[in-house]
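FYI, the numbering just counts along the sequence from 1.
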Amino acid sequence: MKLLFSRNPNPRLAVATARYLEAKIAFEFASPMAPGQAERYRALNPNLTLPILVGPGWSLWEADAIACRLSRDLRSDFWRSGDDEPDMIRWISWGKERFAFACDMVHFERGTKQRYGLGPIDRALVEEGLRQFHTAAAVLEPELSARDWLVGDSISYADFRMATFLPFNDAAGLPLDDYPSISRWYGRLEAIDAWRDPFQGLEAPPLAPVKIEA
């Protein structure tokens, strides 16, 4: 199998998952939206987005689906099954709709748009994203004050998914320090090599720098 990826948040999540699981797959940097590249990738993912997991005669897109496939192939409880599976899916779903969604709103304005020259920062959207971040963080903070990980006594994919945008917080500037339990939880993630630097040893051109508005 081969994982097509870039350094953007969701592909990064998939690479971190594969490296954490020590999956025996190849990694290939890809850019489906680059000029002249669309038709090469359309059959693999009609959305032309990454990540994409490719096997003989098939492809699988979306980071969550890829995490599920790799975990099942390796019989890992990183993707929970049994009694813990509903709890894991609860946090994946809530995280994508609430916490990670808010992180993405702020990161898109302060990070993505400035990185790729997509226009000025929309201050109203930043403020709305920060409002939603504080609302979600107020739910997550007490949950993480009582335990190290979101599901059970060990790390799961729910932790990786919840933290999707936090490696890009140098650009987003989210106030994590206001939430000590979330900060400690993220520190535990950062102590994991596969999360901290999933691209180590891979051919992966760095992201363009963020241009700071005057």
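- Here the side chains of Thr112 and Gln114 are not in contact, with every heavy-atom distance at 4.5 Å or above.
- Side-chain contacts under 4.5 Å among hydrophobic residues (ILVMFWY), followed directly or transitively, place Phe101 together with Met105, Leu125.
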Report, one line per pair, each donor and acceptor closer than 3.5 Å where one atom sits in a side chain of residues 20-31; sequence neighbours left out.
residue: Glu28; atom: OE1; partner: Lys2; partner atom: NZ; Å: 3.0
residue: Glu28; atom: OE2; partner: Arg40; partner atom: NH2; Å: 3.2

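- Side-chain contact between Arg12 and Phe160 is absent, with no heavy atoms from C-beta onward closer than 4.5 Å.
- Under the 4.0 Å criterion applied to side-chain N and carboxylate O atoms, Asp64 and Arg161 are assigned as salt-bridge partners.
- Taking the side chain to side chain contact (heavy atoms under 4.5 Å, CB included) definition, one finds that Thr49 meets it with Asn45, Asn47, sequence neighbours left out.
- Both tests do not hold together for Arg184 against Trp149: distance to the six-membered ring centre under 6.0 Å, angle to the ring axis within 45°.
- Taking a 6.0 Å sphere around CG of Asp83, one finds it holds 12 or fewer heavy atoms contributed by other residues, nucleotides or ligands.
- Closest of all the heavy-atom pairs between Thr17 and Ala67 is CG2-CB, 3.9 Å.
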Q: Mind running side chain to side chain contact (heavy atoms under 4.5 Å, CB included) on Met162 and Leu140 for me, showing each step along the way?
A: CA-CA 10 Å; Met162 191 73 71; Leu140 192 58; 4.1 Å; yes

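- Here Ser181 contributes atom OG and Glu141 contributes atom CD; the two are 3.5 Å apart, rounded to the nearest 0.5 Å.
- Thr135 places a side-chain N or O within 3.5 Å of a backbone atom of Arg131 that can act as its donor or acceptor partner.
- Within the 4.5 Å cutoff, no side-chain heavy atoms of Ile66 are placed close to those of Leu13.
- Using modelled atom types, no side-chain atom of Gln132 and backbone atom of Phe99 make a donor-acceptor pair closer than 3.5 Å.
- From Ile52, atom CD1 reaches atom CD of Glu62 across 10.0 Å, with rounding to the nearest 0.5 Å.
- The side-chain heavy atoms of Phe78 and Leu70, taken from C-beta on, include no pair separated by under 4.5 Å.
- The closest side-chain donor-acceptor pair between Trp185 and Asp148, if any, does not fall under 3.5 angstrom.
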Q: Applying side chain to side chain contact (heavy atoms under 4.5 Å, CB included), run through Asp159 and Leu189 and close with a yes or a no.
A: CA-CA 8 Å; Asp159 297 290; Leu189 280 173; 4.3 Å; yes

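- Shortest non-hydrogen contact noted between Pro86 and Gly82 is CD-O, 3.6 Å.
- Of all heavy-atom pairs between Asn10 and Leu50, the closest is CB-O, 4.4 Å.
- Formation of a donor-acceptor pair under 3.5 Å by the Glu190 side chain with backbone atoms of Arg196 is not found in this model.
- Proximity of a side-chain donor or acceptor of Arg147 to a complementary backbone N or O of Leu150 within less than 3.5 Å is detected.
- Using a distance-only test at 3.5 Å, with no hydrogens or angles considered, a donor-acceptor pair links the side chain of Ser183 to the main chain of Leu176.
- With a 6.0 Å radius and a threshold of 12 heavy atoms from other residues, nucleotides or ligands, Arg90 has its CZ atom above the threshold.
- Separation of atoms CG (Leu202) and CG (Leu3) is listed at 9.5 Å; rounding is to 0.5 Å.
- Counting heavy atoms from C-beta outward, His107 and Leu174 have side chains that stay 4.5 Å or more apart.
- The two residues Leu166 and Cys103 make their nearest non-hydrogen contact at CD2-SG, 4.1 Å.
- Listed by chain and number, the residues in a salt bridge (charged side-chain N to carboxylate O under 4.0 Å, His left out) with Arg42 are Glu39 (sequence neighbours excluded).
- The side chain to side chain contact (heavy atoms under 4.5 Å, CB included) search around Pro175 returns Leu130, Phe133, His134, Asp178, not counting sequence neighbours.
- Side chain of Arg19 to backbone of Ala194: no donor-acceptor contact under 3.5 angstrom is found.
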Q: Go through Asn169 and Phe165 one step at a time and tell me if the side chain to side chain contact (heavy atoms under 4.5 Å, CB included) criterion holds.
A: CA-CA 7 Å; Asn169 205 38; Phe165 292 91; over 6 Å; no

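- In this structure the side chain of Trp61 never reaches within 4.5 angstrom of the side chain of Leu44, judged on heavy atoms.
- Residues Asp122 and Phe108 have side chains not in contact (no heavy-atom distance under 4.5 Å, counting atoms from C-beta outward).
- Cluster membership check: Met33 does not share its hydrophobic cluster with Phe5, using side-chain heavy-atom separations under 4.5 Å among Ile, Leu, Val, Met, Phe, Trp and Tyr.
- Not one N or O on the side chain of Ser76 forms a donor-acceptor pair closer than 3.5 Å with the backbone of Ser71.
- A side-chain N or O of Arg80 and one of Ser154 form a donor-acceptor pair less than 3.5 Å apart.
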(Q) Pair Leu144, Tyr179 - check side chain to side chain contact (heavy atoms under 4.5 Å, CB included), show working. (A) CA-CA 10 Å; Leu144 288 169; Tyr179 301 94; over 6 Å; no

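- Note on Met1 and Leu4: separate hydrophobic clusters, where clusters join Ile, Leu, Val, Met, Phe, Trp and Tyr whose side-chain heavy atoms are under 4.5 Å apart, directly or indirectly.
- Nearest approach of Val210 to Arg110, heavy atoms of both residues: CG1-O, 3.5 Å.
- Within 6.0 Å of CD on Glu143 lie more than 12 heavy atoms contributed by other residues, nucleotides or ligands.
- Using a 3.5 Å distance cut-off with no hydrogens or angles, the side chains of Trp195 and Tyr186 do pair a donor with an acceptor.
- Atom CZ of Arg115 has more than 12 neighbouring heavy atoms from other residues, nucleotides or ligands inside a 6.0 Å radius.
- Every residue was checked against the side-chain hydrogen bond (donor to acceptor under 3.5 Å, both in side chains) condition with Asp197, not counting sequence neighbours, and none meets it.
- Within the 3.5 Å criterion, the main-chain N or O of Gly152 finds no donor-acceptor partner in the side chain of Asp84.
- For the atom pair CG (Leu207) and CG (Asn8), the distance works out to 5.5 Å, reported to the nearest 0.5 Å.
- The shortest heavy-atom contact between Gly129 and Ala102 is O-CB, 3.6 Å.
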